[in-house]
There are 2 protein chains.
Amino acid sequence: MAISAAAKLVETEGFQSLTARKVAAKIGYTVGTLYHVFRNFDDLVIHMNAQTIDEMAALIQQKTRKKRNPEVRIRAMAEVYVQYATDHPDRWRLVFEHQAPSGLPTPAQMKERRDVMFEMVADNLREISPERIPQEVAHTATALWSGIHGICILALTGKLYLGGAFSMVKLIDTLIDSVLNEFRHR
Amino acid sequence: MAISAAAKLVETEGFQSLTARKVAAKIGYTVGTLYHVFRNFDDLVIHMNAQTIDEMAALIQQKTRKKRNPEVRIRAMAEVYVQYATDHPDRWRLVFEHQAPSGLPTPAQMKERRDVMFEMVADNLREISPERIPQEVAHTATALWSGIHGICILALTGKLYLGGAFSMVKLIDTLIDSVLNEFRHR
DNA sequence: CTCCAAATTAAACAATGTTCAATTGATGGT
DNA sequence: ACCATCAATTGAACATTGTTTAATTTGGAG
């Protein structure tokens, strides 16, 4: 599949140098053939991003299923999330920085895929405080997970001062501590 | 100046369609001239991003100077940040999504400019709890501001489900509440 | 073996960043 | 007033990109 070849290219050469012809060459075809499979170059990227999200979501689910405590599970989720982002920085960034230019908005399947992780967080929050109304749970889950994402992306793109004292993981721990305490006691 | 023309172009047509020739045409010159002023196209973008950060930082400082309470000041900072990002989405995104390809790393001045806002947050945190050691203060400031940034960027790029119940501002309020409480009482 | 449809290619197009020799323009000295 | 020098500006060229399409190849069905 062309998608896998594209993913491998992004991983080895960075998403800046991902090109239609390179993808075609990588799978032994010509650029024209690609355009009979995908409408756009963006179409290819979108499919590739979908695969990236699925891969990451599966990894998170796999590595957190065994945990019993919901708080521990949330912390494990975040850990796997930053690990995946660190291991595949370009593929991960493409998921969030790509936007289909002009025309069709991001397909619904993409939105669903992203929402999966927010819902996983919400599920665990509900387990922590079952008495909270769903809207509060969803709200807190969104705030927490977006915050984690923010730390992740700033650190990954080198836009965060990560002095010896505080690492990405510690920053995320602080955020989780804060939001969970607030969620429990208020 | 070419930088202002570029900024205007990004604002009106989006950063996807920012092009060297368009910038040159906008200021009545030819593309060749641009390349005697800037080494790269990325060089131009970097200069433009510097101006964007300065503009935003000035706005934040201006709108928060009058506030007396450090907590109120932090909330006001976040509010202005969100407002600026919402008002100039493409210019704001460029600041965080652009990376100079190959060769020279992002110049030091850029890093300094970004750190300004983290330091503003840290200053206010120190005022809230002067007994904390500087590292803790810096750590908390980084976690909080990165989290706010995460909410901001996900919301702005449409990758966040913003149901009627919770808006960007409310999400950020939740994050600030959580981190500040944790910072005060622990 | 033939023939048709599908797959694949090759070539072309416009637009992009980038370079550089040639041209213009102005400035200062005699 | 003229000219010489130097910087500013241009125009044309290049390689590379996404994208389209007519032509060619390929692979089975009859």
Side-chain angles (χ1 to χ4, degrees), chain A residues 1-52 90-91 93-107 110, chain B residues 1-52 90-91 93-107 110:
Chain A
M1 208 46 146
I3 299 176
S4 304
K8 200 160 293 181
L9 267 176
V10 168
E11 217 149 88
T12 58
E13 305 189 21
F15 71 98
Q16 305 266 12
S17 58
L18 177 68
T19 183
R21 284 175 177 81
K22 281 187 192 169
V23 173
K26 199 90 170 182
I27 59 178
Y29 280 96
T30 261
V31 64
T33 308
L34 261 194
Y35 277 80
H36 282 83
V37 181
F38 303 98
R39 323 166 49 127
N40 279 344
F41 187 72
D42 297 284
D43 190 26
L44 191 162
V45 174
I46 287 174
H47 279 81
M48 177 185 150
N49 282 345
Q51 187 188 276
T52 301
D90 285 271
R91 263 169 80 195
R93 281 186 61 180
L94 246 196
V95 170
F96 295 100
E97 295 187 2
H98 175 78
Q99 70 174 353
S102 83
L104 34 156
T106 320
M110 196 90 271
Chain B
M1 206 50 148
I3 299 176
S4 303
K8 202 160 290 180
L9 268 177
V10 168
E11 217 148 90
T12 59
E13 304 188 23
F15 71 98
Q16 305 266 11
S17 59
L18 178 68
T19 182
R21 283 175 177 79
K22 281 187 192 169
V23 173
K26 200 88 171 185
I27 58 177
Y29 280 97
T30 261
V31 64
T33 308
L34 260 194
Y35 276 80
H36 281 84
V37 181
F38 302 98
R39 324 165 49 123
N40 280 343
F41 187 73
D42 296 285
D43 190 25
L44 191 162
V45 175
I46 287 175
H47 279 80
M48 176 185 150
N49 282 345
Q51 188 189 275
T52 301
D90 285 89
R91 263 170 80 195
R93 281 187 61 181
L94 246 197
V95 170
F96 295 100
E97 296 186 4
H98 175 77
Q99 70 173 356
S102 83
L104 34 157
T106 321
M110 196 92 266

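Keep in mind the model is a prediction, meaning the values are calculated, not measured. All chains are named by letter (A, B, ...) in the order of the sequence lines, taking the proteins before the strands, and each is independently numbered beginning at 1.
Around OH of B/Tyr29, the count of heavy atoms belonging to other residues, nucleotides or ligands within 6.0 Å does not exceed 12.
With a 4.5 Å cut-off on side-chain heavy atoms, A/Leu18 and A/Phe41 count as touching. Contact annotation: the side chain of A/Leu34 approaches that of A/Leu44 to within less than 4.5 Å [non-hydrogen atoms, C-beta and beyond].
For the atom pair CD1 of B/Ile46 and CD1 of B/Ile3, the computed distance is 11.0 Å after rounding to the nearest 0.5 Å.
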5' to 3', nucleotides 16-22 of chain C under a 4.0 Å protein heavy-atom cut-off (B base, S sugar-phosphate only, - none) gives BBBB---
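One can place CD of A/Glu13 at 14 Å from P of D/dT16, the figure rounded to the nearest angstrom. If you take OH of A/Tyr29 and P of C/dA10, they are 14 Å apart, rounded to a whole angstrom. To the nearest angstrom, P of D/dT17 lies 16 Å from CZ of A/Phe15. Distance, B/Leu34 CG to D/dT10 C1': 13 Å, rounded to whole Å.
A pairwise comparison of heavy atoms in A/Asn49 and A/Arg91 identifies OD1-O, 4.4 Å as the closest pair.
Applying the side-chain hydrogen bond (donor to acceptor under 3.5 Å, both in side chains) rule to pairs touching residues 16-25 of chain A yields A/Glu13-A/Lys22, sequence neighbours excluded.
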